[in-house]
Amino acid sequence: MSVKIRSEEDCAFWQSIEDLRYGRAIAEYEERRKKGPPGGKPKRKIFADIPRGKVTPIIFDGGGDLLDMALDGLAGRDDVYLNQNTLVDWRKTALMRSVSKVYIDLDDPEWLYGLSLEEVAKEVLDFCQLVGIPVPSYIIKSGVGLNVVWLHTVVHKTHFPREGEKTTDDWKDTIKALFDLFQKRFLPDPAARDMTRIFRICGSVNSKSGATVHPIFVAGDDDLEPQVYDFERLSDQITMANLFTPPLPHLCIRSQAEIEAKAAAASARRKATEPAKKPKTNKNAEKKNTQKPASKPAATVPETTILPEPSFARAEPLDDIAADQIAEVAKVNDRYAYLLADIYDIIKLRGGVTEGMRDEFLFCVAVCLARGGYRGNSLANEIHRLVPHAAGIDRDEALAFMGAVLARADTSHEGHDVRYHLTNESVRRRLSITDQELVKIDSRTLHKPTWKELTEEEKAADARERKRRQRGQQGAGRSREDLNAAQDDRAATILRHAENGISVRRIAEITGFSKSVVGRTLAAHAARQETPESSPSETVPDVTLIKGSRERGDGVAGDTGFGDHDNSESESRNQGRPDVRHIQTFGTLSREGVDRLLQSIRNRRAA
């Protein structure tokens with residue numbers, strides 16, 4: 001609601017309403033202080049300091065008895081206005097919550113069309129039936145003009161609409177089409193197409209004409225409950241009518257010059273009667289030479305992120321919020337999408353945000369959203385959606401507490417990421433999550449230790465396992481023969497380049513193999529060249545040595561005579577490695593090797 005303070009009586013009436021509001025706000029503030037951070041302290045508005053004739057906003061958040069008291073005292077008061085759509089504060093599009101009306105403002109129709117206000121209202125109704133759009137929900141006689149309003153289902157302001165959901169952008173297209181449609185027959189006010197429009201409230205008095213504002217047409221069976229249309233259907237009807245309605249005979253009987261002359265005269269009168277606006281000054285320029293720059297910028301909420309608390313957040317289920325956020329985060333960061341899903345599952349398991357977990361819950365969710373690509377207005381909007389589910393916190397307090405998260409998300413960019421990071425252990429600690437809860441929700445990621453939480457041994461084991469899987473993937477589906485053939489081809493390629501005198505580095509660049517692979521291949525080839533292979537003619541059949549018994553003379557064929565030998569020294573010397581006496585077959589040996597082995601046996605027997 002907005003008012004113009006014209007007299008001392010007006011000032012006293014609205015100041016009494018403000019004092020009651022301020023008293024209740026202070027009481028709520030003190031209650032919050034007892035439980036924790038109270039948020040911003042309420043401010044009291046002093047109506048005596050407001051220039052007479054200036055439009056001043058009065059906020060009734062959620063209505064209540066204060067609004068009823070104000071409405072009861074409106075009869076006969078001058079210049080009281082009502083916001084047509086829902087805002088969180090004064091008339092700024094950034095502070096818009098939702099829209100629920102489209103409208104047309106017909107200024108001074110008696111002078112423009114030479115008809116009475118009632119006759120112009122009848123022309124409006126006939127025009128609606130002619131072009132095929134619904135009749136208005138109501139038409140208000142505002143003094144010297146008409147406010148033509150269509151009520152429709154609520155359209156919320158959101159940055160991430162669901163599939164098929166209408167947004168405020170659709171609302172803007174609809175009201176533009178409505179304005180263009182009425183221009184074919186009337187002269188609507190082009191300024192009355194914004195979402196923040198205010199119209200005079202019924203029961204108040206237009207100080208310019210002295211007429212009381214009242215409705216002259218209401219659609220529906222009950223004058224107290226006008227007809228409300230489905231926005232999607234209403235939008236389609238208005239858009240189609242604007243496209244297919246041809247130019248019609250215009251009602252206006254005034255020339256363009258007459259209209260412009262009257263508008264200029266009205267502007268001059270308004271400047272003479274209304275209080276002058278204060279000139280804008282650049283406060284930052286004045287403080288530039290006196291204020292020292294901070295060594296480190298404070299974590300504050302950037303100006304672009306200050307948005308109103310969406311009105312739909314009061315009734316929006318937490319499951320819907322979670323589904324929207326998880327779907328968006330999953331497009332950017334899978335891990336944080338899983339983490340966000342686990343957090344919401346824990347909250348659902350507990351039946352909501354438990355006492356003492358409110359701030360930690362908001363922080364964890366905000367960090368996940370920031371890591372999932374949310375920033376600026378979109379991140380602030382998602383925080384606002386969660387406020388109704390975090391008992392005991394208001395919008396300003398939530399923004400203040402999340403200021404560091406918002407600031408870091410806005411200042412991060414590629415190559416300079418200062419956003420917060422959450423490990424699974426830190427989330428479990430912040431939200432006091434137990435192992436039993438993780439089992440009940442069938443945790444996606446919270447039960448796993450993150451890389452930073454692993455010990456050095458666990459990291460090494462994980463690296464070995466990944467390397468093992470990688471080797472398996474590289475050789476998957478290939479036989480041993482194929483792998484050997486590939487290795488032979490690789491060696492042949494490397495040797496062919498090496499024979500031409502090319503360096504190891506250059507061979508690696510040409511073939512695409514690593515320098516270590518090239519070096520190992522050349523070293524193995526050189527070792528084979530230096531070790532001559534034995535001639536087949538110099539080999540003898542396998543020689544088998546069988547350990548004899550410890551009892552003298554208990555040897556068998558091939559007895560080495562070790563039966564009475566003391567093995568204690570050899571056993572101690574061979575401790576920790578296989579006992580060579582148990583190796584029965586030595587394989588194919590060269591003749592020189594066999595001779596050395598037999599001579600060793602003879603020497604032991606002689607000893």
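The residues of the chain are indexed from 1 along the displayed sequence.
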Step-by-step side-chain contact (heavy atoms from CB on, under 4.5 Å) determination, Leu112 to Ile259 = CA-CA 8 Å; Leu112 283 173; Ile259 295 173; 4.1 Å; yes
Which distance, rounded to the nearest 0.5 Å, do you find between the CD1 of Ile139 and the CG of Leu146?
-> 6.5 Å
Note, Phe127 side chain near Leu181 side chain (heavy atom, < 4.5 Å) = yes
State, yes or no, whether a side-chain contact exists between Glu260 and Gln256 at a heavy-atom distance under 4.5 Å.
-> yes
For Leu340 and Gln325 the tightest heavy-atom approach is CD2-CB, 3.9 Å
Any side-chain heavy-atom pair from Leu369 and Val329 closer than 4.5 angstrom?
-> yes
Closest non-hydrogen atom pair, Ser255 against Glu258 = N-OE1, 3.0 Å
So do Val144 and Ser209 actually touch side chain to side chain, heavy atoms under 4.5 Å?
-> yes
Does the side chain of Leu386 reach to within under 4.5 Å of the side chain of Val365, using non-hydrogen atoms?
-> yes
Could you give me the CA-CA distance, side-chain angles and deciding distance for Ile343 and Phe361, then say whether side-chain contact (heavy atoms from CB on, under 4.5 Å) is met?
-> CA-CA 8 Å; Ile343 292 173; Phe361 164 70; 4.2 Å; yes
Spacing of CD1 belonging to Ile175 relative to CG belonging to Asp180, to within rounding of 0.5 Å | 11.0 Å
Grab the two heavy atoms, one from Leu125 and one from Pro136, that are nearest each other, plus how far apart they are.
-> CD2-CD, 3.6 Å
side-chain hydrogen bond (donor to acceptor under 3.5 Å, both in side chains) with Ser235: of Asp230, Thr174, Asp173, only one passes, and it is Thr174
Taking the six-membered ring of Phe179, is the NZ or CZ of Arg193 close enough (under 6.0 Å from the centre) and on axis enough (within 45°)?
-> yes
Qualifying salt bridge (charged side-chain N to carboxylate O under 4.0 Å, His left out) pairs, either residue in residues 239-256, two or more places apart = none
How would you list all residue pairs meeting side chain to side chain donor-acceptor pair (under 3.5 Å) that involve residues 106-118, not counting sequence neighbours?
-> Asp108-Lys262, Ser116-Glu119
Do other residues, nucleotides or ligands put more than 12 heavy atoms under 6.0 Å from Lys122 NZ?
-> no
Determine the minimum heavy-atom distance between Cys128 and Trp150, stating which atoms define it.
-> SG-CZ2, 3.9 Å
Would a distance-only check, ignoring hydrogens and angles, find a side-chain to backbone donor-acceptor pair under 3.5 Å from Arg371 to Tyr420?
-> yes
Is there a donor-acceptor pair closer than 3.5 Å between any side-chain N or O of Ser378 and the backbone N or O of Tyr374?
-> no
Side chain proximity check, Leu318 to Lys348, heavy atoms < 4.5 angstrom = no
If you measure from OG1 on Thr245 to CD1 on Ile133, what distance do you get to the nearest 0.5 Å?
-> 8.5 Å
What's the spacing between Gln227 CD and Leu151 CG if we round to 0.5 Å?
-> 9.0 Å
Just by distance, do the side chain of Thr239 and the backbone of Asp236 share a donor-acceptor pair under 3.5 Å?
-> no
Around atom NZ of Lys101, are there more than 12 heavy atoms of other residues, nucleotides or ligands at under 6.0 Å?
-> yes
Begin from the C-alpha positions of Tyr138 and Ile216 and carry the test side-chain contact (heavy atoms from CB on, under 4.5 Å) through to its verdict.
-> CA-CA 8 Å; Tyr138 56 82; Ile216 58 176; over 6 Å; no
Within a radius of less than 6.0 Å around CZ of Arg233, do more than 12 heavy atoms belonging to other residues, nucleotides or ligands occur?
-> no
Test log, rule side-chain contact (heavy atoms from CB on, under 4.5 Å), inputs Val102 and His152 | CA-CA 8 Å; Val102 290; His152 60 72; 4.2 Å; yes
Could you tell me if the ring centre of Phe363 sits under 6.0 Å from that of Phe401?
-> no
Can you measure from CG (Asn242) to NZ (Lys176) and round to the nearest 0.5 angstrom?
-> 7.5 Å
Look at the side chain of Lys184 and the backbone N and O of Pro249, then say whether any donor-acceptor pair between them is shorter than 3.5 Å.
-> no
Can you tell if the side chain of Leu106 reaches within under 4.5 Å of the side chain of Asp189, non-hydrogen atoms only?
-> no
Check for a donor-acceptor pair, side chain of Arg375 on one end and backbone N or O of Asp410 on the other, with a separation under 3.5 Å.
-> yes
Over all atoms of both residues, closest heavy-atom pair of Ser142 and Asn206 | O-ND2, 2.9 Å
Answer yes or no for Arg197 and Tyr103: cation-pi contact, defined as NZ/CZ to six-membered ring centre under 6.0 Å and angle to ring axis within 45°.
-> no
Under 3.5 Å, side chain of Ser98 to main-chain N/O of Val155, donor-acceptor pair present?
-> no
So do Asp19 and Arg44 actually touch side chain to side chain, heavy atoms under 4.5 Å?
-> yes
Backbone N/O of Phe186 and side chain of His250: donor-acceptor pair under 3.5 Å = yes
Provide the closest heavy-atom pair for Val131 versus Ala241 in the form atom of the first, atom of the second, distance.
-> O-CB, 3.5 Å
Can Arg385 and Asp324 be counted as an ion pair, charged N to O under 4.0 angstrom?
-> yes
Value rounded to 0.5 Å, distance of CG in Asn147 from CZ in Phe199 = 4.5 Å
